[in-house]
Chemist: 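Please read through the structure below; I'll follow up with questions.
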Protein chains: 2
Amino acid sequence: MSRPAAKAPVRLAREERVGHILSAARDVFCKKGYEQTAVSEIAARCGVVEGTVFKYFPTKRELLLKVLEHWYEEMFGDYARDLAEVAGTRERLRLLVWRHLRSIRDYPLLCRLMFREVRSEHDYHGSDLHGLNRRYTQLLVDTLDDGVQAGEIRHDIALPLLRDMVYGSIEHYTWNYICGRGALDIDATAGQITALLWDGISSRGADVQLQRETRRLVQIASRLEKALPKVQRAKS
Amino acid sequence: MSRPAAKAPVRLAREERVGHILSAARDVFCKKGYEQTAVSEIAARCGVVEGTVFKYFPTKRELLLKVLEHWYEEMFGDYARDLAEVAGTRERLRLLVWRHLRSIRDYPLLCRLMFREVRSEHDYHGSDLHGLNRRYTQLLVDTLDDGVQAGEIRHDIALPLLRDMVYGSIEHYTWNYICGRGALDIDATAGQITALLWDGISSRGADVQLQRETRRLVQIASRLEKALPKVQRAKS
DNA sequence: CAGGTTGGTGAGTCAGACTCACCCGTTTAG
DNA sequence: CTAAACGGGTGAGTCTGACTCACCAACCTG
């Protein structure tokens with residue numbers, strides 16, 4: 001019997017190894033959550049030893065952040081594009097809500113990591129991920145602002161509050177689904193949320209004018225109503 | 001010099017010791033967050049040794065849950081009471097929003113623990129704290145339901161969604177304050193959130209009247225239309 | 001081929017949650 | 001009154017998992 005062969009470690013280029021680690025980390029973090037994941041398990045999936053992971057990522061947490069950054073950038077490719085193709089602020093709002101819901105439906109585990117492990121931690125504020133997220137939510141604010149300029153949304157709405165209401169509502173409502181309980185009908189939900197918010201934020205230009213016109217019509221009708229008997233009397 | 005005096009551990013009744021530990025734990029958890037808190041530090045604050053804490057609380061996490069349960073029960077004393085004294089669903093909604101905001105303003109650190117460390121963990125669902133929280137949010141749902149019955153809120157609103165929108169909006173909007181950044185004007189915020197939601201969910205009394213008036217106008221117009229030819233014929 | 005560069009190793013250290021055998025003051029049964 | 005049972009408290013452990021570091025070996029370069 002020969003001596004156990006000295007294992008020859010597989011040498012990869014830096015980026016390639018980093019890519020493998022990120023991919024494995026994404027899988028394991030999703031499967032077990034951040035706390036329950038051992039860096040050694042991620043390493044084992046790549047066929048390397050724990051120390052190798054720490055060679056490329058200074059801490060476990062940094063690794064988590066990079067996993068989510070990659071995911072964000074991967075998602076953002078075609079984000080602003082087809083927004084311009086939709087006409088009307090209400091429909092654009094609905095699209096943004098729907099698309100956020102779709103991300104949650106398609107990647108509940110990554111969303112969970114994002115909402116729970118990352119966004120609430122001290123080091124998130126000011127991080128690259130925070131920047132990415134701001135760019136993401138800014139799209140909504142810009143859309144709403146366009147709606148204000150176009151007269152479709154009332155001028156007295158605090159847009160930052162409205163932005164937080166949109167994303168806060170969605171996250172809170174989908175939390176059960178994100179935790180693996182229950183289903184998520186994104187079409188119905190997007191419709192309901194949009195309807196609820198819109199009827200609160202759409203400028204009531206139509207209503208006001210309608211009221212004015214109606215009042216005028218009522219006056220006219222009343223005058224005619226009063227006049228009619230006289231005319232009829234005159235006839236006779 | 002005498003031999004170092006054999007330390008005589010202070011013996012307390014079970015409940016008393018538990019109370020001290022809960023109190024110390026609350027302070028340290030608030031100051032440093034859950035992860036950064038060492039059980040040994042909590043023990044030191046009570047003048048006991050680490051093992052003593054584990055005598056009364058099986059795990060660090062269980063200790064956290066009990067801390068928050070105590071806080072919840074402490075807050076709930078007079079919760080449903082003065083709600084009945086407020087007339088009108090809109091004002092009741094505003095009160096509930098305002099009171100939730102007040103809790104956040106007054107106990108941001110405990111809220112942070114609740115939102116971040118507890119509510120998003122697997123063992124929360126079905127826990128005592130979950131039950132307390134459901135009782136708390138149910139108050140809002142009941143209030144809204146009363147509003148529906150009273151005709152103040154549209155019948156086609158999904159109340160669970162609306163409940164999640166209320167609490168989700170508030171949490172998302174106050175997160176910066178909870179993390180120690182920025183201020184929180186609870187009066188203004190409660191007003192804005194209520195206004196935004198209400199104009200989306202209140203049954204449109206104005207519209208209904210508008211419809212009634214329009215229907216009347218149509219009748220008048222029809223009569224006039226029928227009458228007009230006769231009058232014209234008579235005139236000629 | 002020598003020397004620098006870089007990917008990879010694995011045996012550590014360290015912190016902190018949790019355990020357990022034991023100690024001793026108090027209470028209670030005989 | 002005394003001895004056994006009870007229960008609060010101890011502190012020296014164990015164990016897990018993040019993170020470190022001295023070293024190795026395969027490649028590139030002059």
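Just so it is clear: chains get the letters A, B, ... in the order the sequence lines come, proteins before strands, and each one is counted from 1. Given the structure is predicted, the values throughout are model-derived calculations rather than measurements.
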Chemist: Please determine whether a side-chain nitrogen or oxygen atom of B:Ser40 lies at a distance below 4.0 Å from atom OP1 or OP2 of C:dG16.
Modeler: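 No, no such contact exists.
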Chemist: Below 4.0 angstrom from OP1 or OP2 of C:dG8, is there any side-chain N or O of A:Arg17?
Modeler: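 Looking at the OP1 and OP2 atoms of C:dG8, one of them is under 4.0 Å from a side-chain N or O of A:Arg17.
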Chemist: Would you check if the side chain of A:Lys31 reaches a backbone N or O of A:Thr37 as a donor-acceptor pair within less than 3.5 Å?
Modeler: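 Side chain of A:Lys31 to backbone of A:Thr37: no pair is present.
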Chemist: Would you mind telling me which of A:Tyr136, A:Tyr124, A:Tyr72 makes a ring pair (Phe, Tyr, Trp, His ring centres under 6.0 Å) with A:His130?
Modeler: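 When A:Tyr136, A:Tyr124, A:Tyr72 are each tested with A:His130, the ring pair (Phe, Tyr, Trp, His ring centres under 6.0 Å) holds only for A:Tyr124.
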Chemist: Could you give the CD1-to-C1' distance, from B:Ile21 to D:dG9, as a whole number of Å?
Modeler: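 Distance check: B:Ile21 CD1 to D:dG9 C1' gives 11 Å.
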Chemist: Are any side-chain N or O atoms of B:Arg90 and backbone N or O atoms of B:Trp198, one a donor and one an acceptor, separated by less than 3.5 Å?
Modeler: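 Not at all, since once roles are kept as given, no pair shorter than 3.5 Å links the two residues.
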Chemist: Tell me the interatomic distance from B:Arg14, atom CZ, to D:dG9, atom P, rounded to whole angstroms.
Modeler: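 So the CZ-P distance, B:Arg14 to D:dG9, works out to 10 Å.
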Chemist: What nucleic acid atoms does A:Val48 come within less than 4.0 Å of, heavy atoms only: base, sugar-phosphate, or nothing?
Modeler: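 Answer is sugar-phosphate: A:Val48 comes under 4.0 Å of backbone atoms only.
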Chemist: What is the separation between atom CG on B:Leu12 and atom P on D:dG8, rounded to the nearest whole Å?
Modeler: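 Atom-to-atom, B:Leu12 to D:dG8, this comes out as 10 Å.
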Chemist: Determine whether the side chains of B:Arg94 and B:Thr194 contain a donor N or O and an acceptor N or O closer than 3.5 Å.
Modeler: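 Looking only at side-chain atoms, B:Thr194 and B:Arg94 do not form any donor-acceptor pair under 3.5 Å.
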Chemist: Rounded to whole angstrom units, what separation is found between the CD atom of B:Glu16 and the P atom of D:dG9?
Modeler: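 Result: 10 Å.
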Chemist: What is the distance, rounded to the nearest whole Å, between atom CD of A:Glu15 and atom P of C:dT6?
Modeler: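 Rounded to whole Å, this separation is 14 Å.
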Chemist: CD of A:Gln36 versus C1' of D:dT16: gap in Å, rounded?
Modeler: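 Whole-Å distance recorded here is 12 Å.
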Chemist: Quickly work out the B:Glu62 CD to C:dA17 P distance and round it to whole Å.
Modeler: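 Going from B:Glu62 (CD) to C:dA17 (P), I get 15 Å.
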Chemist: Might you list the N or O atoms of the protein lying below 3.5 Å from N or O atoms in nucleotides 19-27 of chain D, with each pair's distance?
Modeler:
unit_1: D:dC19; atom_1: OP2; unit_2: A:Lys60; atom_2: N; d: 2.8

Chemist: Look at the side chain of A:Arg116 and the backbone N and O of B:Glu117, then say whether any donor-acceptor pair between them is shorter than 3.5 Å.
Modeler: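 Such a contact is absent between A:Arg116 side chain and B:Glu117 backbone.
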Chemist: How far apart are the C-alpha atoms of B:Lys32 and B:Glu41, what are their side-chain angles, what is the distance that settles it, and do they pass the salt bridge (Lys or Arg N to Asp or Glu O under 4.0 Å) test?
Modeler: CA-CA 11 Å; B:Lys32 314 186 82 168; B:Glu41 185 175 348; 3.1 Å; yes
Chemist: Between atom CD1 in B:Ile42 and atom P in C:dA17, what is the gap in whole Å?
Modeler: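 Between P of C:dA17 and CD1 of B:Ile42: 8 Å.
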Chemist: Relative to each other, are the rings of B:Tyr107 and B:Trp71 parallel, tilted or perpendicular (30° and 60° limits)?
Modeler: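 The rings of B:Tyr107 and B:Trp71 stand perpendicular, inter-plane angle above 60°.
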